[in-house]
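Worksheet for the structure shown next.
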Amino acid sequence: MESQVAGGPAGPALPNGPLLGTNGATDDSKTNLIVNYLPQNMTQDEFKSLFGSIGDIESCKLVRDKITGQSLGYGFVNYSDPNDADKAINTLNGLKLQTKTIKVSYARPSSASIRDANLYVSGLPKTMSQKEMEQLFSQYGRIITSRILVDQVTGVSRGVGFIRFDKRIEAEEAIKGLNGQKPLGAAEPITVKFANNPSQKTGQALLTQLYQSSARRYAGPLHHQTQRFRLDNLLNMAYGVKRFSPIAIDGMSGLAGVGLSGGAAGAGWCIFVYNLSPEADESVLWQLFGPFGAVTNVKVIRDFTTNKCKGFGFVTMTNYDEAAMAIASLNGYRLGERVLQVSFKTSKQHKA
DNA sequence: TATGATT
């Protein structure tokens, strides 16, 4: 695992000058750090206290998936004092936390030109090292990070890697120049394309992630029946197994009038979602529930004056079994720092 | 902190 910014071994002149320390760099360039390879389970609080132990922090942010709230494994720290930023790099870069070795380096200024500059490379010769891969790509620009994935058991290269360039245009040039080309002495051509970015995850990928997080939450023995139910169904969904959920039989009889909303336009099963953040919006509900089946309506309930979410919302799903699956899967699901409570909406009306 | 409807 690399422990500093990979500049690439002495390559040709870079098309773009260094970003830091020149052309009127602001103070930010000396106080703002990016932290990579954080353990997946590290929280914002833990992140803050680790870097706060070095010195006063102006701001810090553990970056999380917008939809699931899962940590993306990196974050930013902005110190008040440039000396503390320097100290953080010297003392925390390379620190081993659980299975990860964290990387602490100065953050490049945020700009559109550095976005989407990460490449996915496959078909690499299994013998090619990270350094050799960097040599191959460095002719197209400044490499920020690189990685070759290895088999977890044998440690042998999987022939797949990632290259992040400083600039998107550099990445584009590398695709043009290297995609479909055979590296010197290689038998097969390599494939070079833009890496998927985590925000455009498919429903299947989201489900897999939900399953993984559920499995982690219930790492212990599964005594409780609802837990077993939840995991079984997530497994079934993840692998596309046809199932006939027991709760779809048991559940129906006990649910007279609950959740099923009337009216031709609004027909469907109404689900109550509690513990949304004040910033929650409709898109979060669409994206959380969409993977489970047909969603016809979502609504975040907001305070009329502040326009902030009041902590709950509603989702209408067409099919009972999909709604039950969504509830079983998402109830208790951690969205960011919050644990959602999800159930069929109960009706308060119809008392007389 | 807990079941809408400012369409």
Side-chain angles (χ1 to χ4, degrees), chain A residues 41 43-49 61-62 64-71 206 210 213-214 216-218 224-227 229-230 233-234 245 247-352:
Chain A
N41 58 9
T43 65
Q44 166 80 32
D45 286 349
E46 291 164 348
F47 181 63
K48 185 173 183 179
S49 67
K61 183 180 193 180
L62 176 68
R64 291 179 292 192
D65 183 277
K66 196 180 165 204
I67 309 310
T68 66
Q70 302 278 322
S71 165
L206 181 60
L210 288 174
S213 62
S214 296
R216 266 201 301 281
R217 265 189 294 135
Y218 302 122
H224 201 276
Q225 194 181 350
T226 58
Q227 292 175 7
F229 166 73
R230 181 177 300 160
N233 282 288
L234 279 161
S245 166
I247 205 173
I249 309 166
D250 290 340
M252 279 294 221
S253 54
L255 283 171
V258 172
L260 185 58
S261 67
W269 297 89
C270 192
I271 298 168
F272 174 62
V273 185
Y274 177 72
N275 214 10
L276 296 169
S277 82
E279 284 71 41
D281 65 5
E282 272 73 11
S283 71
V284 171
L285 292 178
W286 282 114
Q287 294 177 78
L288 271 174
F289 286 79
F292 294 94
V295 175
T296 55
N297 188 51
V298 302
K299 179 79 176 173
V300 166
I301 304 306
R302 297 182 170 84
D303 181 280
F304 182 62
T305 54
T306 67
N307 212 33
K308 295 286 188 185
C309 172
K310 289 163 79 171
F312 64 95
F314 298 93
V315 174
T316 305
M317 296 188 70
T318 306
N319 305 306
Y320 173 82
D321 59 344
E322 291 170 350
M325 188 75 70
I327 291 170
S329 305
L330 295 172
N331 184 40
Y333 179 65
R334 185 170 134 185
L335 183 65
E337 299 289 290
R338 294 159 174 272
V339 175
L340 297 185
Q341 293 174 51
V342 183
S343 64
F344 283 112
K345 170 178 154 64
T346 59
S347 177
K348 281 178 145 182
Q349 58 190 11
H350 212 283
K351 283 173 193 158

Starting at atom [atom1] of [X], determine the distance to atom [atom2] of [N], rounded to an integer number of angstrom.
{"X": "A:Leu285", "N": "B:dT3", "atom1": "CG", "atom2": "P", "result": "17 Å"}
{"X": "A:Asn331", "N": "B:dT3", "atom1": "CG", "atom2": "C1'", "result": "14 Å"}
{"X": "A:Glu282", "N": "B:dG4", "atom1": "CD", "atom2": "C1'", "result": "12 Å"}
{"X": "A:Asn297", "N": "B:dG4", "atom1": "CG", "atom2": "P", "result": "14 Å"}
{"X": "A:Asn307", "N": "B:dG4", "atom1": "CG", "atom2": "P", "result": "18 Å"}
{"X": "A:Phe272", "N": "B:dA5", "atom1": "CZ", "atom2": "P", "result": "13 Å"}

Looking at B:dT6, B:dG4, B:dT3, which one has an atom nearest to any side-chain atom of A:Phe304?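 For the A:Phe304 side chain, the nearest candidate turns out to be B:dT6.
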Can you tell me which nucleotide in B:dG4, B:dT3, B:dA2 comes closest to the side chain of A:Lys299?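 Comparing B:dG4, B:dT3, B:dA2 against the side chain of A:Lys299, the answer is B:dG4.
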Would you please name every residue forming a salt bridge (Lys or Arg N to Asp or Glu O under 4.0 Å) with A:Glu46, sequence neighbours left out?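 With sequence neighbours excluded, A:Glu46 shows a salt bridge (Lys or Arg N to Asp or Glu O under 4.0 Å) to no residue whatsoever.
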Return the set of residues passing salt bridge (Lys or Arg N to Asp or Glu O under 4.0 Å) with A:Lys299 (not counting sequence neighbours), or none when no residue passes.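 For A:Lys299, no residue satisfies salt bridge (Lys or Arg N to Asp or Glu O under 4.0 Å) once neighbours in sequence are set aside.
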For A:Ile301 and A:Arg338, find the nucleotide of DNA chain B closest to each by heavy atoms; which residue's nucleotide sits nearer the 5' end?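 So the residue in question is A:Arg338.
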Residue mapping more 5' on DNA chain B - nearest nucleotide basis, A:Arg302 or A:Asn275: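 Closer to the 5' end of DNA chain B: A:Asn275.
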Ignoring hydrogens and geometry beyond distance, is the side chain of A:Tyr274 in donor-acceptor contact with the base of B:dT3 at under 3.5 Å?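 Per atom types, no contact qualifies.
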B:dG4 base stacked by A:Phe314? Criteria: ring centres under 5.5 Å, plane angle under 30°.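 Stack criterion met.
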Can you classify the ring geometry of A:Tyr320 versus A:Trp269 as parallel (below 30°), tilted (30 to 60°) or perpendicular (above 60°)?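 Perpendicular, since the angle between the ring planes exceeds 60°.
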Between A:Asp45 and A:Thr43: side-chain donor-acceptor atoms closer than 3.5 Å: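 No donor-acceptor contact under 3.5 Å links the two side chains.
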